[in-house]
Amino acid sequence: MDQKYLQLNEDKIKPLKPEFFYRDPLDVAYDLIGKLLIKTGQNPLIVRLVEVEAYRGKKDPASHAYKGVTKRNKIMFQEPGHLYVYFNYGMYWLANVVCHKEKNEAGAVLLRAAIPLIGIEQMRQARRKHNPKVTIKSLTNGPGKLCQALGIDKSHYGEFLAVKKGYENKFLLASDCTKPKDVIQTGRIGIKKASDLPWRFCVKDCEWVS
DNA sequence: TTATTGATGGTCT
DNA sequence: GACCATCAATAAG
């Protein structure tokens, strides 16, 4: 893994524009590797995404949007760039970014793992509530853990992640111009349907990948 | 180091 | 009532 992933290129942080998310989830997923997820506020938290999965809506049997609109998944059919948060296995919140190309389509990218960069002590405290033995690697090396570290739950369903005039972001996706050159593509994990499709992206040889 | 299992509750049929 | 886009503790090697 490129050591540059471990540092924040603070001077070059640029929020993503809404257009970024108006594309096929597969393209968005690839491009999200190396990007920053920021919890804004007085004590910001910043992590660098190193593992994501694309869920491609109606054409993807593993996608929550496969069978059409429900109360839970409706955000996936709406404006790209919003957070789709859902509860899984009776215990964990999982965070996705809504993205799709055309109106009337649906899709999302699951944020699976990240490298903690800023606010590590705060993230450690948040994770300790669930696992007192948490290590720096187990801070954010899985989709449930990532949400615990960043404090993401159902109250953040529908939050917008790009910049928009007059909107105050709680979470933000941004680039610090760290170019990923060691991204690998594999089958998605933790699912039964369509797990053979290579729609998971992660950084090669990264300790935080799940 | 890998494999296995129990905890746990909303969503959908 | 079955299904889960998970995790942590344990056991075995």
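Below, chains carry the letters A, B, ... as their sequence lines are ordered, and counting in each starts from 1. We use all heavy atoms of the structure for the numbers below, so side chains are in, but hydrogens, waters and symmetry mates are not.
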Should the ring pair A:Phe171 and A:His156 be called parallel, tilted or perpendicular, given that the plane angle runs from 0 to 90° and is split at 30 and 60? perpendicular
Please check if atom OH in A:Tyr22 has more than 12 non-hydrogen atoms from other residues, nucleotides or ligands closer than 6.0 Å. yes
So the side-chain hydrogen bond (donor to acceptor under 3.5 Å, both in side chains) pairs with at least one residue in residues 31-42 of chain A (sequence neighbours excluded) are A:Arg23-A:Asp31
Generate the contact string for nucleotides 4-10 of chain C. Rules: B means base contact, S means sugar-phosphate contact only, - means no protein heavy atom under 4.0 Å. BBBSSS-
For B:dC12, does OP1 or OP2 lie under 4.0 Å from any side-chain N or O of A:Thr70? yes
Table please: side-chain donor-acceptor pairs of residues 90-104 of chain A below 3.5 Å, with sequence neighbours left out.
unit_1: A:Asn96; atom_1: ND2; unit_2: A:Tyr84; atom_2: O; d: 3.2
unit_1: A:His100; atom_1: ND1; unit_2: A:Glu102; atom_2: O; d: 3.0
unit_1: A:His100; atom_1: NE2; unit_2: A:Gln78; atom_2: O; d: 2.8

If you measure only the distance, is there a donor-acceptor pair under 3.5 Å linking the side chains of A:Tyr5 and A:Asp182? yes
Strand DNA chain C in bracket notation, Watson-Crick/G-U under 3.5 Å with | for pairs to another chain: ||||.|||||||.
When you check the gap from the basic side-chain N to the acidic O, do A:Asp60 and A:Arg188 get nearer than 4.0 Å? yes
List the atom pairs, donor and acceptor, that lie under 3.5 Å between side-chain atoms in residues 194-210 of chain A and the rest of the protein, sequence neighbours left out.
unit_1: A:Arg200; atom_1: NE; unit_2: A:Glu51; atom_2: OE2; d: 2.9
unit_1: A:Arg200; atom_1: NH1; unit_2: A:Thr186; atom_2: OG1; d: 2.9
unit_1: A:Arg200; atom_1: NH2; unit_2: A:Glu51; atom_2: OE2; d: 3.2
unit_1: A:Arg200; atom_1: NH2; unit_2: A:Ser210; atom_2: O; d: 3.4
unit_1: A:Glu207; atom_1: OE1; unit_2: A:Lys137; atom_2: NZ; d: 3.0
unit_1: A:Trp208; atom_1: NE1; unit_2: A:Ile136; atom_2: O; d: 3.0
unit_1: A:Ser210; atom_1: OG; unit_2: A:Glu51; atom_2: OE1; d: 3.0
unit_1: A:Ser210; atom_1: OG; unit_2: A:Glu51; atom_2: OE2; d: 3.0
unit_1: A:Ser210; atom_1: OG; unit_2: A:Arg112; atom_2: NH2; d: 3.2

Listing request: all side-chain hydrogen bond (donor to acceptor under 3.5 Å, both in side chains) pairs with a residue in residues 115-127 of chain A, at least two apart in sequence or in separate chains. A:Glu121-A:Arg124, A:Arg127-A:Gln148
